[in-house]
Amino acid sequence: MLSLPRRDLASTYADADFAALEAALRAPADTRCTCGTLGKRCPSALLPIQRLALLEAARTGGGLFPIGVGHGKTLVDLLLPLVVPGCKVAVLLLPSNLRAQLIEVDWQFYGGHWRLPNLAGGRWFRPGLPVLHVITYEKFSTQEGTDLLTRIRPDLIICDEAHKLKDRKSARTGRFLRYLELNPETRLVAQSGTLATRTVKDYAHLAEYALRDGSPLPLKQHVVEEWASALDPGTTVAPPGALLQLVDPTHSLAPFEGETEADRERRRVRDAYRRWRNATPGVVATDESAVGMPLVIRTRDPGQVPDELLAHIQTALGGQRPDGEEFVDELQRVVCARQLASGFFHRWRYPDVQGIPQDPELIVRWFARRQEFNRELRERLKRPAEHLDSPGLLMRAAIRAHQSPPYDGELPTWRAMSWPSWAEIHKRIVHVTEAVWLSDFIVRDAAKWAMRKGQPGIVWVEFPELGQRIAKAAGLPFYGGGPEASATIIRESGKRSIVASLRAHGTGKNLTMFSRMLFVNPPADGAAWEQAIGRCHRQGQRADEVEVELYQHTDELVGAFQKARDFARFIEQTDGTPQKLCFAAP
């Protein structure tokens, strides 16, 4: 690793390189600018970080870009096919909630000033320019997406919000890595404001395929594990070992108040790793916030928490839902406790079918066989393959394996031992998920916050039922998932408050028409906070400051926020970009 070439990005390129880049990418003089109708400032010059990213991609043929929220990654996405040598067909992977904004707003906005590639399925085609396919991670995750890249055969893949591929065990990441393994000539650019959310393992595989032998992280998984044990947040930390060789003894760090010697040692190693990684050719990272305006974060008191809810939360953490259902894992306990902190919980209900109650004994057998099949399904998913890398595809393979007459085709089969007994019963029971409400105390308080006269803002929620209930109480719109909500939320004027799903709209979107936010269900993930606050605390925000409020009325919510701050500190120390939770906290 120490033999990898180093470079000082600040001195690698000169003004002449920047001028030549912009001249080559600038749109013809007669191109129509629509920025005025969009109410935006013309993007007539590239930002410094955009220039560096494009020049590095042109030089190395790929790239790892941990570029902070609000630094203009979208324009980099669109211009990369034009600068990567020999690119003819490119794929841009991005979250589904960003596709409408990219196609309907950003393409027109940037196309008025810069040459753009041909958009696959677009209304025009310019000979000589590469073709860009815009694909959502969600479509890539469907059963039909198992061979999507094989059908398109791109020579360049651009991953926006690349942290969506951090889980190597997921179907989407498995398909992605299999394609790159079978097509090593394919170039890769991975960029995100939060490449590492909880561990450097989140992007070690992306660094490997983007930079190959030039990756700043080890190529062997067991060595990546060793690095992670010394760099990642947690109470048990391995000694830095060989990572100490990255530390520059001439570079000192100012001590933090209350910092232990062990904490400072870890910070020194993280700082050394960050410097090492960011000096690697092909890596372009931000080291400052995209916006300098003040950010205020404070807790909001919703009033007295009902004693009934506090008792139910303790019961849930002990392993039982309020209706008596026993939990099977820790995640179910935590999710239920978070729901109860907002006054409700989820349960399964078995409704009457055509007015006839369902058989209780059959429900018990159905549930047992379902668990048995799911256990076998989870084990098989540990060995994914094409057409065998998702629950739906494996179910189809099991059907083929057990059908009569025997299946005679090219698709794979899976002889699941538990499938025949599950197939016999799985359609005989009907169940639905319902929200059971115990208290509206959070709903009332969040609605009161949203209806504050002259102070519109965003109420962020984790659970759709909660969002809908708050929106109804306040007489405001709720933006959940789906393309229609994604296309509509960005057209809000900021004159009224809105309620929005954190999962659906907490990344990628420009929501600078608002400067106030309320987090009803504070996430335990530092990256989620960075992304969500960055919807408003970003370039283009015209308010004097951005205000964030959050609920902390239960121990679980307090612990979630503390964990998020720990992860944010890890991201800041290993990436370099200041995290919003670190420079503003309650």
Side-chain angles (χ1 to χ4, degrees), residues 1 62-69 73 93-95 137 140-141 157-178 180-181 188-212 215-234 236-238 243 266 269-271 273-274 276-278 280 282-286 331 384 503 506-508 523-532 534 563-577 579-582:
M1 300 297 295
L64 186 73
F65 300 158
I67 297 175
V69 174
K73 292 188 292 294
L93 290 173
L94 80 176
Y137 288 112
F140 193 47
S141 300
I157 300 176
I158 306 159
C159 301
D160 197 336
E161 308 294 354
H163 55 273
K164 295 288 187 179
L165 296 169
K166 66 182 180 182
D167 184 4
R168 298 181 66 131
K169 296 179 182 178
S170 70
R172 75 167 66 142
T173 306
R175 294 168 180 173
F176 174 76
L177 296 180
R178 280 200 305 275
L180 292 176
E181 185 70 28
L188 170 66
V189 173
Q191 59 175 348
S192 171
T194 48
L195 269 179
T197 57
R198 303 188 176 201
T199 169
V200 293
K201 293 183 291 185
D202 286 345
Y203 65 93
H205 51 295
L206 299 176
E208 176 183 352
Y209 285 103
L211 302 176
R212 303 292 173 170
S215 170
L217 278 158
L219 302 181
K220 295 186 180 299
Q221 185 60 31
H222 74 278
V223 185
V224 175
E225 295 280 351
E226 293 173 0
W227 282 38
S229 65
L231 293 168
D232 292 352
T236 303
V237 182
L243 283 173
R266 181 196 278 191
V269 174
R270 286 177 173 176
D271 179 73
Y273 164 76
R274 175 183 60 81
W276 158 268
R277 188 201 65 180
N278 293 353
T280 302
V283 177
V284 177
T286 47
L331 179 60
R503 179 187 296 272
T507 61
D525 187 343
W529 276 100
E530 181 72 10
Q531 290 284 347
K563 186 179 293 185
R565 289 201 68 200
D566 291 341
F567 286 131
R569 193 173 294 113
F570 157 73
I571 295 170
E572 180 170 295
Q573 292 173 0
T574 56
D575 271 5
T577 303
Q579 297 294 291
K580 302 181 190 303
L581 286 192
C582 294

Checklist entry - Taking the side chain from T173 and the backbone from K169, do they hold a donor-acceptor pair closer than 3.5 Å? => result no

Item to check | side-chain contact (heavy atoms from CB on, under 4.5 Å) involving A228 - partner list, sequence neighbours excluded | outcome: T199, V200, K201, D232

Checklist entry - Crowded around R503 CZ? As in, over 12 foreign heavy atoms under 6.0 Å? => result no

Checklist entry - For S192 and H163, what are the C-alpha separation, side-chain angles and deciding distance, and is it a side chain to side chain donor-acceptor pair (under 3.5 Å)? => result CA-CA 7 Å; S192 171; H163 55 273; 2.7 Å; yes

Checklist entry - K73 and Q191: which non-hydrogen atoms are nearest, and at how many Å? => result O-NE2, 3.3 Å

Item to check | Short N-O contact, D271 and R274, less than 4.0 angstrom | outcome: yes

Checklist entry - How close do L581 and R565 get, heavy atom to heavy atom, and via which atoms? => result O-NE, 3.4 Å

Next on the checklist: Please give me the minimum heavy-atom distance between Y137 and A162, naming the atom from each residue.
Outcome noted: OH-CA, 3.8 Å

Next on the checklist: Strictly by salt bridge (charged side-chain N to carboxylate O under 4.0 Å, His left out), give each pair with a member in residues 188-199 just once, sequence neighbours left out.
Outcome noted: none

Item to check | L231 side chain reached by L243 side chain, heavy atoms, under 4.5 Å | outcome: yes

Checklist entry - How would you list, by chain and number, every residue that makes a side-chain hydrogen bond (donor to acceptor under 3.5 Å, both in side chains) with E208, sequence neighbours excluded? => result none

Checklist entry - Charged N to carboxylate O under 4.0 angstrom, D575 versus R277? => result yes

